[in-house]
Amino acid sequence: MKKIVISLLVCTTMVLAGGFVQSGVAPGYIVGSDTLFGGLPYDACRGITSGSDLDQDGKLEVFVTSYTEGGRIFGFEEAGTDTFAFVWASPELLNSDGSATSYPRDVHTGDMDGDGLGEIIFHVGRYPTNNTDNGIYVYEWDGTTDDGYGTAPGLFGNLYSALNDSLNESRVEGFSVGDIDGDGKDEIILSNNGGSNPTYKTVDGSTPYSEDRFIILGATSVGGFGASFVEEFAVSPRDVNKDGVRENALGGGSPQDAVICDIDGDGNLEAACFSWNNLAVFFIEATGTDSYTIGDTAIGTPLVDESKSPYLKLANNDDWTLGAAVADMDGDGKDEVYITGYYDDEIYVITDSDGDATTLDTTGWTTRDWVGNSEVAIIGNSQHGLAAVAGFGVFAGSVAGVSDIEMWTLATGGNPLAITDWTHTVFGLEDATSGTILKYNAGIDFDEDGNLEVVIPYKGLADSTAGALDPNQNRAFRIAEWDPNLVATVKDVIFIMPNDYKLAQNYPNPFNPITTIEYSLPLDKAISLTIYNIKGQVVKTLVNNEFKTRGDHSVQWNGMNDNSIKVSSGIYFYTLKYGNFSKTKQMTFLK
């Protein structure tokens with residue numbers, strides 16, 4: 001990448017009340033205490049990923065981060081037209097004193113061991129040395145069970161003990177997951193905001209260096225004996241040669257995010273890496289299996305071309321970002337990278353011109369007078385994260401909060417670096433109150449009607465869809481669907497929660513010789529209904545993981561166990577299990 005363009009021209013702007021069909025708001029709480037995870041709120045949804053089908057059931061999923069109970073991930077899945085079901089949550093993660101040092105801020109899905117079993121991947125924690133629960137979590141689908149991601153991770157790494165060059169501090173705003181090196185296994189590209197001058201000791205005796213690092217992590221396997229992370233590559237923008245002396249050869253600063261792209265179109269993927277120091281950017285390019293390069297950092301030697309550098313500072317001052325995105329909007333076979341600066345309040349687009357992902361042109365950076373060069377443009381304004389989808393647009397949140405969605409579309413045959421080739425459209429969101437949308441997903445077609453959708457997590461937003469604010473509820477996410485006819489209508493998604501499954505008290509109770517158990521399902525679902533004794537042992541399986549249709553059902557029990565032997569008088573429990581959740585009631589059998 002050779003040159004840079006920053007254009008401060010104003011692009012065409014349209015303000016419309018319609019254009020997006022809003023598709024729903026999740027209830028704020030899992031109501032009740034008899035589910036696997038209890039009645040916990042979805043609070044402060046900072047990150048989101050959507051469009052996966054990890055359990056291969058043909059139903060797309062949405063996973064959101066939450067600040068609840070030490071930091072958790074909540075999973076939803078399509079359950080019919082305009083309907084999502086709450087299907088999974090990661091267990092609570094709390095410090096010994098009940099606090100949490102840092103919550104999950106981003107979540108992704110992938111397949112790190114290449115076995116075809118989808119995984120949920122996220123980071124929790126700030127100081128791995130203080131809490132053995134802090135680190136990277138990978139929950140893998142078990143291969144058979146609907147939404148069967150379990151209650152324990154298949155792979156976990158506390159970054160103080162999982163790496164040779166340990167991290168005493170690990171804060172992660174954004175990261176990416178993908179098979180960057182083409183080995184058939186996904187890697188994590190981790191943007192670790194850590195300590196600048198560590199004093200820890202490395203396992204192999206090498207010199208400790210800055211914990212502000214971009215780390216590419218692979219895995220030996222996920223689940224089973226010997227599963228562990230493998231550090232395939234690591235670099236600090238402060239201390240590239242890892243000698244413990246800061247030289248800022250890649251711009252310095254604390255890592256904020258990294259996205260996977262092919263910006264130079266050569267077939268080798270890159271990680272575009274962004275840091276705090278004036279929103280510095282550089283590229284790590286994969287050149288083969290577990291093989292990576294950052295180009296010529298020219299430490300201690302002059303650059304051959306003084307206008308080129310392995311890094312570039314985008315912003316006027318130190319800045320950070322809530323997210324970057326990748327798309328080939330102009331269809332030239334090279335990705336563009338789109339990135340927002342929080343304090344700079346800009347949206348930058350980065351393209352390649354010289355076929356080399358590891359070189360950037362710094363001409364004009366000090367004055368930000370880059371018009372006429374060919375690498376970076378400012379196409380709009382946003383402080384928050386964004387999403388970009390080729391043929392669809394670039395999406396970001398309003399600086400003011402959640403009152404609208406802003407969209408930038410590139411004209412047919414347009415140049416991503418030409419500000420006049422972009423059209424800026426503002427779509428007002430109905431029923432918006434307060435709070436913040438920090439990150440976006442886009443380009444999913446949940447209802448398969450040919451219109452793509454934007455999925456937005458809501459952080460700290462009270463639910464007002466019923467016309468009045470409920471302080472005990474918070475939105476989890478909304479889906480806004482692009483309507484090419486600009487029809488402004490609203491359709492709320494139905495959210496199926498664990499307590500929408502009903503299990504009635506058996507009758508008669510006490511009973512002899514027979515009793516009836518009734519249950520009701522909010523959707524078609526494979527369920528089990530099992531009788532247990534007071535020791536928790538299975539007595540009788542009335543329904544064994546059978547697919548049942550939505551609606552009311554009943555089954556009778558005659559007091560016989562699975563061996564057709566009459567049970568003793570006493571107290572028994574019957575449990576309805578549906579996915580990761582269950583309901584249990586007590587009954588009495590009398591002889």
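No hydrogens, no waters, no symmetry mates; every other heavy atom, side chains included, goes into these values.
- Side-chain atoms of Asn278 never come within 3.5 Å of backbone atoms of Leu314 as a donor-acceptor pair (strictly under, hydrogens ignored).
- No hydrogens or angles considered: nothing links the side chains of Ser221 and Asp113 as a donor-acceptor pair under 3.5 Å.
- Judged by distance alone, the side chain of Asp115 and the main-chain N or O of Leu117 form a donor-acceptor pair under 3.5 Å.
- Within the 3.5 Å criterion, the main-chain N or O of Tyr160 finds a donor-acceptor partner in the side chain of Asn158.
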Residue pair His384, Thr340: steps toward the side chain to side chain donor-acceptor pair (under 3.5 Å) verdict: CA-CA 7 Å; His384 302 153; Thr340 61; over 6 Å; no

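- Two rings, from Tyr292 and Phe233, have their centers less than 6.0 Å apart.
- A donor atom on one side chain and an acceptor atom on the other are not found under 3.5 Å apart for Thr321 and Asp257.
- Panel note: side chain Glu140, backbone Val138; no donor-acceptor pair is recorded below 3.5 Å.
- For Ala258 against Ser191, the heavy-atom pair with the smallest separation is N-OG, 3.3 Å.
- Considering only heavy atoms from C-beta on, Leu250 stays 4.5 Å or farther from Phe214 through its side chain.
- Phe283 CZ to Ile350 CD1: the interatomic distance, rounded to the nearest 0.5 Å, is 5.0 Å.
- To the nearest 0.5 angstrom, Ser166 atom OG is 7.0 Å from Asn164 atom CG.
- In this structure, Leu269 CG and Glu187 CD are separated by 10.0 Å, a value rounded to the nearest 0.5 Å.
- Note on Arg213 versus Asp165: salt bridge recorded, some NZ/NE/NH1/NH2 to OD/OE distance being below 4.0 Å.
- Of all heavy-atom pairs between Gly110 and Asp186, the closest is CA-OD2, 3.3 Å.
- Side chains of Asp356 and Thr358: a donor-acceptor N/O pair is present below 3.5 angstrom, by distance only.
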Stepwise side chain to side chain donor-acceptor pair (under 3.5 Å) test for Thr359 and Asp354: CA-CA 8 Å; Thr359 63; Asp354 68 354; 2.9 Å; yes

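- Interatomic distance, OG of Ser52 versus CZ of Phe63, reported as 5.0 Å (0.5 Å rounding).
- Remark: the backbone N or O of Leu279 is not paired with any side-chain donor or acceptor of Asp319 at under 3.5 angstrom.
- With values rounded to the nearest 0.5 angstrom, Asn268 atom CG is found 7.0 Å from Asp262 atom CG.
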Working for side chain to side chain donor-acceptor pair (under 3.5 Å), residues Asp147 and Asn580: CA-CA 7 Å; Asp147 306 310; Asn580 291 308; 5.5 Å; no

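- Comment: Glu169 engages Arg171 in a salt bridge, judged by a side-chain N to carboxylate O separation of less than 4.0 angstrom.
- With ring centers used as reference points, Tyr440 lies 6.0 Å or more from Phe395.
- Close placement of the Trp88 and Tyr139 rings is indicated, their centers lying within 6.0 Å of each other.
- Across all non-hydrogen atoms, the minimal contact from Leu60 to Gly51 is CD2-O, 3.5 Å.
- The minimum heavy-atom distance linking Phe392 with Met407 is given by the pair O-CE, 3.2 Å.
- A side-chain donor from one of Glu211 and Asn168 sits under 3.5 Å from a side-chain acceptor of the other.
- Annotation: the span from Asp111 atom CG to Glu119 atom CD amounts to 5.0 Å, rounded to 0.5 Å.
- Using a distance-only test at 3.5 Å, with no hydrogens or angles considered, a donor-acceptor pair links the side chain of Thr202 to the main chain of Ser206.
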Steps toward salt bridge (Lys or Arg N to Asp or Glu O under 4.0 Å) verdict (Asp352, Lys334): CA-CA 8 Å; Asp352 170 75; Lys334 296 182 179 182; 2.8 Å; yes

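- Side-chain contact, Ser176 with His108: no donor N or O sits under 3.5 Å from an acceptor N or O.
- Nearest heavy-atom pair, Asp264 versus Ala357, reported as atom, atom and distance to 0.1 Å: OD2-N, 3.0 Å.
- Residues in residues 224-238 take part in these salt bridge (charged side-chain N to carboxylate O under 4.0 Å, His left out) pairs, two or more places apart or across chains: Asp212-Arg238.
- When each of Ile189, Val259, Ile121 is checked for a side chain to side chain contact (heavy atoms under 4.5 Å, CB included) with Phe175, only Ile121 meets the rule.
- The side chain to side chain contact (heavy atoms under 4.5 Å, CB included) with Arg46 is formed by just one residue from the set Asp106, Val64, Thr65; it is Thr65.
- A donor-acceptor pair is defined here as one N or O able to donate and one able to accept, closer than 3.5 Å; no such pair exists between the side chain of Asn248 and the backbone of Gly251.
- Contact detail for Pro237 and Gly253: the closest heavy-atom pair is CG-O, 3.5 Å.
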Stepwise side-chain contact (heavy atoms from CB on, under 4.5 Å) test for Ile347 and Ile339: CA-CA 6 Å; Ile347 297 177; Ile339 181 74; over 6 Å; no

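- Between Tyr348 and Tyr338, the gap from one ring centroid to the other reaches at least 6.0 Å.
- Here the side chain of Glu61 pairs a donor or acceptor atom with the backbone of Leu54 at under 3.5 angstrom.
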